[in-house]
Amino acid sequence: MLRRTKIVDLLKSATTQPEVLAKGWVRTRRDSKDFSFIEINDGSCLKNLQIIAQNNLPNYNEVKNLSTGSSVAVRGALVESQGGNQKYEVVAEKIEIYSLAPEDFPLQKKKHSDEYLRTIAHLRPRTNKYGAAFRVRSALSYAIHKFFQERGFKYVHTPIITGSDCEGAGEMFQVTTLDMKNPPRLPNGEIDYSQDFFGKPAHLTVSGQLNGEMYACALGDIYTFGPTFRAENSNTARHAAEFWMIEPEMAFADIHDDMDLAEDMVRYCVKEVMEKCHDDIELFSKFVDPTLMDTLNTIKNNSFARITYTEAIEIMKKSGKKFEYEPEYGIDMQTEHERYLAEEHFKRPVIVRDYPKEIKAFYMRMNDDNKTVAAMDVLVPRIGELIGGSQREERYELLKKRIEELGMHEEDYSWYLDSRKYGSVPHAGFGLGFERMMMLLTGIANIRDVIPFPRTPKSLNF
RNA sequence: UCCGACUUAGCUCAGUGGUAGAGCAAUCGGCUGUUAACCGAUUGGUCGCUGGUUCGAGCCCAGCAGUCGGAGCCA
């Protein structure tokens, strides 16, 4: 029984072979008088396999009509190709047609716009560009796990459904089993959540960080890698309602360890994907972003710039550049500022740290100046903020005071404060938007095109 | 959510008030170890929706919807 070989392996074969079995989807067909060239792709790699179908095949009449999108199994000899564009091709002895795609198959043998392909997101992975993108997505996921596992980080599964509606990272999606048309009500008219599934309001997580910290304070170094949900009405090329986030957390670590980890991880992943997905990355640099190779090589070969927030503001003030929002100590950095620093001033990724406490989250560690917190952002060309992290406030009294200052409810955080009450240690971590990393690696400009079935405001298809 | 642009054939687009066009795709035929092959023919449209102005609207006006770009929020 002859077993199927993937096209990626056939094309890598060291020698010709008398008999192979290949399966795939037809990309294009070119006919001669006595035979046809059929190119099939099985998703295992960017390249197609060229099939020679001669008119002595018993079903040549059907083979001659194979349309783009049809699925076939081909048995034959793997031989050296006479044509110049491929090393090997298969001379078919038998072509089994699984399914003939009708003439309204939406993918044509030409370039389609990304906007159109979004309307057929269920079929777009069958194109060169999206096939490449989602092979890279897989390779990048693996690279991330590999990076952390090689360094002894433990993978922690933090919950998707959360009961604290105050993680503070953005608007949340509510999860309920109550009858929306007629919810149970309290005497004062408010909805009676005691009758809901969990007996209280529930939401989809916006971050696993607080849970992750608890496990770092037990297992040492941990990371999470999972879906995250934000109900923000953000209509940009860089935001989705459902996206994947990586959140490492290290016990016995400070902000400098955190920056080292972030830089090592980004550079490791870039190296790994450039190696594993060479053909795919080449396609992106050829057809999507001509500057991609330079950007990736710069990341691979150079360390990141590191400055403080105060220095960043000074650099921008002295730059003479006209910003829409004037850089001034105390402002939150705008997209234009982030991109100026990474794209124009440093021309490589830059890590900015020690931000004013007013513009950062409650759990970030207060610096000795009592003005800034030990927060750090990794800014990269084209994307802006790729990573946001911090050393966490490990001092019980200071953290409690911050929670009070910001008008948050201490009782909601009692479990979180316990980690500071019992054997508190310095610890630090960060959050990385997986899709933003994908955009960095592929040059693809819209987040909707690096996630298989994107969820964005007013858009929930497939 | 705010600002701006766009919406015409299956796809990508042209068409600035007077009988709806091109390229590609598809279909049919020809030719060729071809490379998103090539040559010829054919098919294909309620011009986003609703209303208005006009003798006449794809084109002008208003509303709505969707898409895209930028901004905010952030990953």
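Below, read A as the first sequence line, B as the second, and so on, with proteins coming before strands; counting in each chain starts at 1.
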### Message
Are more than 12 heavy atoms, taken from residues, nucleotides or ligands other than A:Lys371, located less than 6.0 Å from that residue's NZ atom?
### Response
no

### Task
Tell me which of A:Asn446 and A:Pro106 sits closer to the 5' end of RNA chain B, going by the nucleotide each one is nearest to.
A:Pro106

### Task
For nucleotides B:rA26 and B:rC11, find the distance between their C1' atoms and express it as a whole number of Å.
11 Å

### Task
Could you tell me the separation between the CZ atom of A:Phe434 and the C1' atom of B:rA75, rounded to a whole number of Å?
13 Å

### Message
Can you say whether a donor on the side chain of A:Arg230 sits under 3.5 Å from an acceptor on the base of B:rA75, or the other way round?
### Response
yes

### Message
Within the 3.5 Å criterion, strictly below it, is a donor on A:Glu247 or A:Ser207 matched to an acceptor on the partner's side chain?
### Response
yes

### Query
Nearest of B:rA75, B:rU34, B:rC11 to any side-chain atom of A:Ser81?
B:rU34

### Query
Rounded to the nearest Å, what distance is computed from the CG atom of residue A:Asp114 to the C1' atom of nucleotide B:rU67?
13 Å

### Query
Are A:Phe35 and A:Tyr60 close enough that their ring centres sit under 6.0 Å apart?
no

### Message
Could you identify the nucleotide paired to B:rG72, looking across every strand shown and requiring Watson-Crick or G-U wobble geometry with both distances under 3.5 Å?
### Response
none

### Query
Is there a Watson-Crick or G-U wobble partner for B:rU34 with both distances under 3.5 Å, and if so, which one is it?
none

What N/O pairs connect the protein and nucleotides 26-30 of chain B at under 3.5 Å? Give each pair on its own line.
{"residue": "B:rA26", "atom": "O2'", "partner": "A:Glu103", "partner atom": "OE2", "Å": "3.4"}

### Message
Using side-chain heavy atoms (C-beta onward) and a distance below 4.5 Å, is A:Lys47 in contact with A:Ile7?
### Response
no

### Query
Separation of A:Leu46 atom CG from B:rA36 atom P, in whole Å?
13 Å

### Query
side-chain contact (heavy atoms from CB on, under 4.5 Å) with A:Leu78: which of A:Val20, A:Leu11, A:Thr5, A:Thr15?
A:Val20

### Message
To check you understand the geometry: which heavy-atom pair defines the closest contact between A:Tyr88 and A:Leu10, and what is its length?
### Response
CD1-O, 3.6 Å

### Query
Can you check the A:Phe173 CZ to B:rC74 C1' distance for me, whole Å?
14 Å

#### Entry: P atoms of B:rU8 and B:rC28, separation to the nearest Å
29 Å

Can you name the atoms? Protein N/O to nucleotides 71-73 of chain B N/O, anything below 3.5 Å, with the distance.
{"residue": "B:rA71", "atom": "N6", "partner": "A:Asn235", "partner atom": "O", "Å": "3.2"}
{"residue": "B:rG72", "atom": "OP1", "partner": "A:Gln334", "partner atom": "OE1", "Å": "2.3"}
{"residue": "B:rG72", "atom": "OP2", "partner": "A:Thr335", "partner atom": "OG1", "Å": "3.1"}
{"residue": "B:rG72", "atom": "N2", "partner": "A:Asn233", "partner atom": "O", "Å": "3.2"}
{"residue": "B:rC73", "atom": "O2", "partner": "A:Ser234", "partner atom": "OG", "Å": "2.4"}
{"residue": "B:rC73", "atom": "N3", "partner": "A:Ser234", "partner atom": "OG", "Å": "3.4"}
{"residue": "B:rC73", "atom": "N3", "partner": "A:His239", "partner atom": "NE2", "Å": "3.2"}
{"residue": "B:rC73", "atom": "N4", "partner": "A:His239", "partner atom": "ND1", "Å": "3.3"}
{"residue": "B:rC73", "atom": "N4", "partner": "A:His239", "partner atom": "NE2", "Å": "3.1"}

### Query
Which word best sums up how the rings of A:Phe362 and A:Tyr416 line up, parallel for under 30°, tilted for 30 to 60°, or perpendicular for over 60°?
perpendicular

### Message
Heavy atoms from C-beta onward define the side chain here; which of B:rU67, B:rA75, B:rC11 lies closest to that of A:Arg118?
### Response
B:rU67

### Task
Ignoring hydrogens and angles, state whether a donor on the side chain of A:Asn446 or A:Asp114 is under 3.5 Å from an acceptor on the partner side chain.
no

### Message
Taking the C1' atom in each of B:rA9 and B:rG69, what is the distance between them to the nearest angstrom?
### Response
27 Å

### Task
Find the distance A:Arg30:CZ to B:rC39:C1' and express it as a whole number of Å.
17 Å

### Task
For nucleotides B:rA25 and B:rU42, find the distance between their C1' atoms and express it as a whole number of Å.
14 Å

### Under 3.5 Å on both distances, the Watson-Crick or G-U partner of B:rC47
none

#### Entry: Pair partner, B:rA5 [Watson-Crick or wobble, under 3.5 Å]
B:rU67

### Nucleotide B:rC74, atom C1' - distance to CG of A:Leu386 in whole Å
13 Å

#### Entry: Distance in angstrom units between A:Phe35 CZ and B:rC31 P, rounded
14 Å

### Message
Is the base of B:rG33 stacked against the aromatic ring of A:Phe37, taking ring centres under 5.5 Å apart and planes under 30° as the test?
### Response
no

### Task
Please determine, by modelled atom types, if A:Tyr223 and A:Gln149 share a side-chain donor-acceptor pair under 3.5 angstrom.
yes

### Any pair counted as side-chain hydrogen bond (donor to acceptor under 3.5 Å, both in side chains), so long as it reaches residues 95-109 of chain A, sequence neighbours left out
A:Lys23-A:Tyr98, A:Thr28-A:Lys109

### Task
Determine the Euclidean distance between corresponding C1' atoms of B:rU7 and B:rG45; express it in Å to zero decimal places.
15 Å

### Task
Determine the contact category for A:Gln82: base if any of its heavy atoms lies under 4.0 Å from a base atom, sugar-phosphate if only primed atoms, P, OP1 or OP2 are that close, otherwise nothing.
base

### Message
Pairing check on B:rC60: which nucleotide meets the Watson-Crick or G-U wobble criteria with it, both distances under 3.5 Å?
### Response
B:rG52

### Message
Between C1' on B:rA75 and CG on A:Leu440, what's the gap in Å once rounded to a whole number?
### Response
13 Å

#### Entry: Short side-chain N/O contact to B:rU12 OP1/OP2 from A:Ser113, under 4.0 Å
yes

### Message
Given B:rC74, B:rA37, B:rU34, identify the nucleotide with an atom nearest to the side chain of A:Thr28.
### Response
B:rA37

### Message
Let's test this: given Watson-Crick or G-U wobble pairing with both distances under 3.5 Å, identify the partner of B:rU16.
### Response
none

### Task
Can you tell me, in whole Å, how much space there is between the P of B:rC74 and that of B:rC6?
32 Å

### Ring-ring centroid check A:His337 A:Tyr325, cutoff 6.0 Å
no

### Summary
Of A:Gly388 and A:Phe105, the one whose closest nucleotide on RNA chain B sits nearer the 5' end is A:Phe105

### Query
For atom C1', what is the distance between B:rC61 and B:rG17, given to the nearest Å?
14 Å

#### Entry: Who pairs with B:rG23 - Watson-Crick or G-U, where each distance is under 3.5 Å
B:rC11

### Query
Expressed as a whole number of Å, how far does the C1' atom of B:rU46 sit from that of B:rU27?
25 Å

### A:Arg382/A:Asp289 salt bridge by N-O under 4.0 Å criterion
yes

### Query
Which part of the nucleic acid, if any, lies within reach of A:Tyr116 when heavy atoms closer than 4.0 Å are counted: base, sugar-phosphate only, or nothing?
sugar-phosphate

### Query
Which part of the nucleic acid does A:Gln54 contact within heavy-atom distance under 4.0 Å: base, sugar-phosphate only, or nothing?
nothing

